[in-house]
Amino acid sequence: MSTTASDPLATLGSLPGVPDAVDSVRKAVDRVYGHRVMRRRSNEVTAEAALRGSRGSAALAGADWNLEEVRRRTDFSGEDEARVVGAALRLTAEAGQLLSIWRQSPLRVLARLHLVAAGGATPDDAVGRPRLAGEPVDEPLIEASLPGAEEVAGRLEGLSRLIIAGGSAPALVTAAVVHGELLALRPFGSHNGLVARTAERIVLIGSGLDPKSICPAEVGHAEQGRAAYVAAFEGYTAGTPEGMAAWITHCGRSVELGVRESTAVCEALQRGAA
């Protein structure tokens, strides 16, 4: 993130293609919220969206399980993939509990998310804090150069100030920047992708764009595929206007695909009730 405007996130919102993406996302979200099933069974839609979002985030982290396997499984200890899926499920469940803290102390929330994701699998002194100089990072999907610990600390503080200050940027833009910055920094020794996607979810919910958490962007990120995800992220790390716009619009398309998924859930619930 490399802009010096007084409201840098709002500046990103005016990049070519981004206003159209923002408008398209808003219309898609409004349509699913207007579905007749949402008036009576929104809690069921929220629960299903959480499950599907968790599955999508885990798939990007290398644990591409069938949805029914995620639904059926009760023990997520043991093999590496099971632990990844368990971490994604725990993070999704935790996200809704942290909304009130996010705008006041985003770094505290990120620390909590890493603690939840690690679930005891990481040595205690490395959990819930940014990595120190020389500490390794386990994030196989993202191969971009790894910022040093000092740069991570400074950029995390800058991101925190932006979130606390608020501003006029659309929710999609803020969510995409939070997601991209955390992927770029990989501030923790593990689970950075899962944490970044959960932070994106928190922004979308807390902003009021998706207050019931029924539009899982993680579904869309997974549906577009790991290669597209990495390619769009490379646009973010390039820092050019075109690259930033490509990342934001990719995130917008992911939200729209999440909306499509939850619309299908609404339709299924409606058919079952008929």
Side-chain angles (χ1 to χ4, degrees), residues 1-30 99 102-107 109-110 130 142 144-145 147-148 150-187 192-193 195-211 215 217-218 220-221 224 228-259:
M1 199 168 44
S2 57
T3 177
T4 57
S6 59
D7 189 353
L9 298 185
T11 301
L12 295 176
S14 65
L15 291 174
V18 172
D20 289 341
V22 168
D23 185 56
S24 183
V25 165
R26 167 53 69 188
K27 289 177 178 177
V29 172
D30 286 347
L99 295 173
W102 175 254
R103 284 296 298 272
Q104 285 73 43
S105 185
L107 298 185
V109 169
L110 293 175
I142 303 301
S145 60
E150 186 174 341
E151 180 181 349
V152 167
R155 286 172 64 176
L156 279 177
E157 185 59 39
L159 182 64
S160 177
R161 287 196 298 269
L162 280 176
I163 294 166
I164 292 170
S168 59
L172 171 64
V173 172
T174 303
V177 167
V178 167
H179 183 170
E181 190 72 353
L182 292 174
L183 276 186
L185 295 178
R186 282 149 287 163
N192 289 289
V195 168
R197 290 184 289 275
T198 304
E200 179 185 47
R201 172 183 285 267
I202 287 173
V203 173
L204 294 172
I205 299 169
S207 66
L209 177 65
D210 181 22
C215 307
E218 304 96 324
H221 287 304
Q224 293 184 85
Y229 184 73
V230 171
F233 171 67
E234 288 172 352
Y236 181 88
T237 58
T240 63
E242 297 80 9
M244 294 296 291
W247 171 248
I248 294 167
T249 55
H250 178 89
C251 290
R253 179 59 180 158
S254 296
V255 175
E256 291 186 72
L257 290 169
V259 167

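- Nearest approach of F233 to G180, heavy atoms of both residues: CE1-O, 3.5 Å.
- Proximity of the aromatic rings of Y236 and H250 is defined here by a centroid distance below 6.0 angstrom, and this criterion is not met.
- Between the CZ atom in R155 and the CG atom in L182 there is a gap of 10.0 Å [rounded to 0.5 Å].
- Remark: Q104 CD is packed, more than 12 non-hydrogen atoms of other residues, nucleotides or ligands lying under 6.0 Å away.
- Under the 4.5 Å side-chain criterion, counting only non-hydrogen atoms from C-beta, L204 is not in contact with C215.
- If you take SG on C251 and CZ on R253, they are separated by 13.0 Å, rounding to the nearest 0.5 Å.
- Side-chain contact check for L159 versus L185: every heavy-atom pair is 4.5 Å or farther apart.
- Between A21 and T249 the shortest heavy-atom distance is CB-CG2, 3.8 Å.
- R201 is not listed as a side-chain neighbour of D210, based on a closest heavy-atom distance of 4.5 Å or more.
- Separating the CG atom in L156 from the CD atom in E181 is a distance of 8.0 Å, to the nearest 0.5 Å.
- V178 approaches A199 most closely through the heavy-atom pair CG1-CB, 3.7 Å.
- Between the OG1 atom of T174 and the CD atom of E200 there is a distance of 11.0 Å, given to the nearest 0.5 Å.
- Under the 4.5 Å side-chain criterion, counting only non-hydrogen atoms from C-beta, V29 is in contact with L209.
- The two residues L12 and V173 make their nearest non-hydrogen contact at CB-CG1, 3.9 Å.
- In this structure, the side chain of R186 engages the main chain of A184 through a donor-acceptor pair within 3.5 Å.
- Residues N192 and L183 fail the side-chain proximity criterion, which asks for heavy atoms closer than 4.5 Å.
- In this structure, W247 and H221 have parallel ring planes: the angle between them is below the 30° cut-off, well short of the 60° mark.
- Residue pairs meeting the salt bridge (charged side-chain N to carboxylate O under 4.0 Å, His left out) criterion with at least one member in residues 13-23, sequence neighbours excluded, are D23-K27.
- Considering every non-hydrogen atom in both A245 and L15, the closest pair reads N-CD1, 3.9 Å.
- To the nearest 0.5 angstrom, I248 atom CD1 is 5.5 Å from M244 atom CE.
- Contact between P211 and I205 at its shortest, heavy atoms only, is O-CG2, 3.7 Å.
- Between R103 and I163, the closest side-chain pair of non-hydrogen atoms falls below 4.5 Å.
- The CD atom of E218 sits 12.5 Å away from the CG atom of L257 when rounded to the nearest 0.5 Å.
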